[in-house]
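Worksheet: one structure, shown below.
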Amino acid sequence: MDDKKQPQIYNTQKSKWSKETLSEIDYKATYGKYRIRGCATPRYMPHFEDLMILPSQLTRMPIDTYREDCETRTVLGARFATKPLIIETPIMIAGMSYGALSKEAKIALAKASQLVGTVISNGEGGLLPEELENSYRQSIQVLASRMGFSRRNLEVADMLEILCGIGAKPGLSGHLMGEKISKDIALIRQIPEGIDLHSHPRAGDAFGADDMVVKMQQIREMTNWETPIFCKIAAGRVKDDVKIAVKLGYDGIILDGCQGGTGAAPVMASDHLGIPTMPALVQAVRTLEEMGVKEEMSLIISGGITDGSELAKALALGADAVAIGTGAMVAMGCRVCMNCQAGKCAFGIGTQDPELRKKLDIEEAAERVANYIKGMTAEAILLAKAAGKTKLKNLEREDLRALTLEACAMTGVPLVGSDLVIGQGFGFTATNQL
Amino acid sequence: MECLDISCIGSTNMNAAIKDALKRDKELKLINVNSMHNVCAGIIGEGSIIIEDSTGLYTGSYLEGLSVRVKGNVGWYAGDDMMDGELVIEKNTGCNVGAYINGGTIVIYGNTGSRVGYGMKGGNIIVCGNAGRWAGIMAMGGELIVLGEVGQRCGESMYSGKIFTRDPETESKMGDNVFLDVLTEEEKSKLDGLFLKYEINAKSCEFQVIRPVLSGRHEYKLFKPDLKPELAKKYTVKRG
């Protein structure tokens with residue numbers, strides 16, 4: 001018998017068998033089902049941080065950061081609607097439902113929109129009257145579930161979002177766990193109290209694009225061609241989806257990348273469905289340009305956008321505005337514990353518990369979200385001015401360079417230094433091309 | 001009664017013309033509709049409209065207050081998101097009729113396709129003929145009455161609301177998360193009242209009612225293996 005002492009073996013830390021893998025297997029072995037989680041995917045995704053903005057030097061003049069203006073006013077949905085949406089910063093507050101969020105959090109977000117002059121989306125599950133009272137501009141989502149939705153919602157909307165999917169769980173229905181279906185939520189959503197809600201996965205009044213053509217005529221008539229109508233889609237087959245949205249006659253598209261957050265989604269869905277925000281945006285812009293409608297069709301991008309650099313880069317790539325969700329929650333105090341589905345949010349944001357809700361000071365939270373949006377806009381302005389722009393929307397793809405080969409290949413933006421373009425250039429006629 | 005020839009008006013101006021005509025006369029007749037879509041969509045106010053032939057998609061959607069009677073057949077999604085009023089269809093309909101209705105009454109004297117009352121939240125839908133599969137699926141309120149046969153997965157995952165049926169095979173055709181029950185006296189008298197109003201030859205005592213489960217939690221089959229061990233053992237593939 002070999003009496004040699006077994007040497008200590010260390011396996012690589014990148015082993016498949018991480019504690020995360022083990023815990024996921026343990027969960028399935030215990031319950032025989034998949035796990036539901038809040039917020040967005042924790043996976044690394046290529047994002048706007050892989051791009052850099054080129055400053056103005058001898059080729060163009062910088063704009064004074066502190067003494068000269070840079071316009072941020074944004075007009076959205078002017079393609080066919082006679083009353084397009086005008087907001088003062090190209091940052092909208094994304095649709096987060098009353099149910100996923102507490103009443104206090106919804107009111108705070110609406111008040112923040114009033115303070116900075118932007119639009120807030122109601123999310124799934126009805127329109128909270130206090131949200132409408134306090135919002136600067138109100139976007140109403142028309143979802144497959146139509147919970148709490150009626151003709152009255154169409155009448156008060158400054159913008160409509162026909163929702164096909166969200167980045168965190170495209171192709172899936174809405175989830176709201178029974179812990180969060182309080183008496184008030186049940187009332188507004190028109191469902192029983194305490195039930196685990198798995199809402200309608202697809203619209204019951206339009207099966208596919210052919211029906212949607214007729215449906216659009218109906219909604220246009222209902223809104224007297226005044227309200228801008230957007231299509232909210234999760235990033236997947238972006239090229240085809242954008243083409244269909246254009247043909248259907250929408251005024252704009254809200255494109256949600258796979259880094260988008262939610263109140264509850266199966267882990268599998270948020271980690272493995274959809275494509276990231278940045279390449280999705282490029283595909284959408286390419287398609288709109290190919291169709292010759294880039295100037296008339298508004299494009300709002302969302303999914304993992306948190307600061308002014310991402311806003312500036314998104315605008316430079318061709319977006320007209322961005323939507324923020326998790327970022328706004330963090331501004332209110334959320335620490336992204338990713339346990340929103342449990343309804344036990346210690347900060348009174350993602351909960352319906354009356355005691356926990358008391359922890360959120362509406363006025364303070366509203367001010368913090370407004371400050372966050374102001375600060376984020378100021379960051380984008382700083383970058384735009386440094387690039388020599390007097391309007392945020394004048395940022396263009398020529399102002400960008402890619403830091404990584406991956407970002408270069410995904411976006412068609414030239415690589416820093418070599419100006420190498422991999423694949424199809426995105427508005428660049430590079431001589432240095434692979 | 002004013003008569004509008006829709007073939008002379010065209011689809012773009014049709015509902016505006018109907019609204020104008022209703023200001024002049026509360027009783028309106030539409031002729032030569034030729035299965036056009038969105039007929040009477042979003043019409044609001046008082047009055048009654050008779051459509052002499054068949055209509056296409058979204059007939060009477062978002063209807064509020066009016067009574068609309070279609071003498072022919074209607075296409076898909078009729079009465080979707082309806083608020084209030086009455087939509088009476090004398091013949092058959094396509095699928096998804098009465099999707100998401102908030103209130104009012106839809107009466108179909110013929111048969112209807114699948115998913116009638118999809119996600120309905122209020123109001124009444126009466127189907128005098130047969131209903132296709134998934135009738136009342138994920139309903140959140142309202143009452144669906146089917147006099148003929150119901151299709152497979154009837155009432156699947158209803159959150160609230162009721163489906164009244166006299167199909168003897170209902171129990172084998174119901175969806176998940178619902179159960180079959182007897183009618184209360186109040187429900188019986190409501191049904192009899194509706195039958196009397198719309199001249200339907202039926203009696204409430206013949207009906208049963210499908211209700212959503214009372215436990216408050218739905219159960220879903222995420223994956224349930226269909227085990228046939230003996231057959232699996234005998235399974236062979238013939239090659240060559």
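Values reported hereafter were calculated over all heavy atoms of this structure, with side chains retained and with hydrogens, waters and symmetry mates removed. By convention in this document, chain letters (A, B, ...) are assigned in the order of the sequence lines, proteins followed by strands, and residues within each chain are numbered from 1.
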side-chain contact (heavy atoms from CB on, under 4.5 Å) for B:His218 and A:His198? Distances and angles first, verdict last. CA-CA 9 Å; B:His218 284 179; A:His198 297 85; 5.8 Å; no
My understanding is that only one of B:Leu57, B:Asp80, B:Asn38 makes a side-chain contact (heavy atoms from CB on, under 4.5 Å) with A:Lys215; could you say which? B:Asp80
Taking the side chain as everything from C-beta on, heavy atoms only, tell me whether A:Val214 gets closer than 4.5 Å to B:Tyr77. no
Working to the nearest 0.5 Å, report the span between CG of B:Leu222 and NZ of A:Lys33. 8.0 Å
What part of A:Leu154 gets closer than 4.5 Å to chain B, counting heavy atoms only: side chain, backbone, both or neither? side chain
Between the side chain of A:Arg151 and the main-chain N/O of B:Gly42, is any donor-acceptor distance below 3.5 Å? yes
Do A:His200 and B:Tyr118 come within less than 4.5 Å of each other through their side chains, counting heavy atoms only? yes
Is B:Thr12 in contact with chain A via its backbone, its side chain, both, or neither, using a 4.5 Å heavy-atom distance? backbone
Are any of the side-chain heavy atoms of B:Trp76 and A:Asp205 separated by less than 4.5 Å? no
Which region of B:Met140, side chain (C-beta onward) or backbone (N, CA, C, O), has a non-hydrogen atom less than 4.5 Å from a non-hydrogen atom of chain A, or is it both or neither? both
If you count heavy atoms of other groups shown closer than 6.0 angstrom to CZ of A:Arg35, is the number above 12? yes
Quick check: are there more than 12 heavy atoms from other residues, nucleotides or ligands sitting under 6.0 Å from CD of B:Glu219? no
Within 45° of the six-membered ring axis of B:Tyr100 and under 6.0 Å from that ring's centre, is NZ or CZ of A:Arg146 located there? yes
Starting from the C-alpha separation in whole Å, work towards a yes-or-no answer on side-chain contact (heavy atoms from CB on, under 4.5 Å) for B:Tyr58 and A:Gln217. CA-CA 10 Å; B:Tyr58 302 107; A:Gln217 290 169 359; over 6 Å; no
Distance, nearest 0.5 Å, that separates CG of B:Asp81 from CG of A:Asn153: 10.0 Å
Measuring from A:Asp196:CG to B:Tyr220:OH, what's the distance to the nearest 0.5 Å? 7.5 Å
Within the structure provided, determine whether A:Gln190 and B:Ser160 are in side-chain contact (heavy-atom separation under 4.5 Å). no
Would the number of heavy atoms belonging to other residues, nucleotides or ligands and lying under 6.0 Å from NZ of B:Lys19 be above 12? yes
Between A:Arg189 and chain B, which part of the residue has a heavy atom less than 4.5 Å away: side chain, backbone, both or neither? backbone
Output the distance between atom OH (B:Tyr159) and atom OG (A:Ser199), rounded to the nearest 0.5 Å. 6.5 Å
Residues 201-221 of chain A vs ring pair (Phe, Tyr, Trp, His ring centres under 6.0 Å), sequence neighbours excluded, gives none
Validation row: B:Asn102, A:Phe149 side chains within 4.5 angstrom (heavy atoms): no
Under 4.5 Å to a heavy atom of chain A? For B:Ile101 that would be neither
So A:Arg152 and B:Glu64, salt bridge (charged side-chain N to carboxylate O under 4.0 Å, His left out) or not? Walk me through it. CA-CA 11 Å; A:Arg152 300 287 91 82; B:Glu64 192 164 359; 2.9 Å; yes
Report, as yes or no, whether the 6.0 Å neighbourhood of atom NZ on B:Lys190 holds more than 12 heavy atoms from other residues, nucleotides or ligands. yes
Top of B:Lys121, B:Met82, B:Arg115, B:His37 for chain A proximity - count of heavy-atom pairs under 4.5 angstrom: B:Lys121
Separation of B:Met138 CE from A:Ile191 CD1 (nearest 0.5 Å): 10.0 Å
Scanning both residues in full, the closest heavy-atom pair of A:Gly204 with B:Ala99 reads O-CB, 3.7 Å
Over all heavy atoms of both residues, which pair between A:Gln218 and B:Ala41 is shortest? Give the atoms and the distance, please. CG-CB, 4.2 Å
Look at atom NZ of B:Lys29 and say whether more than 12 heavy atoms of other residues, nucleotides or ligands are closer to it than 6.0 Å. no
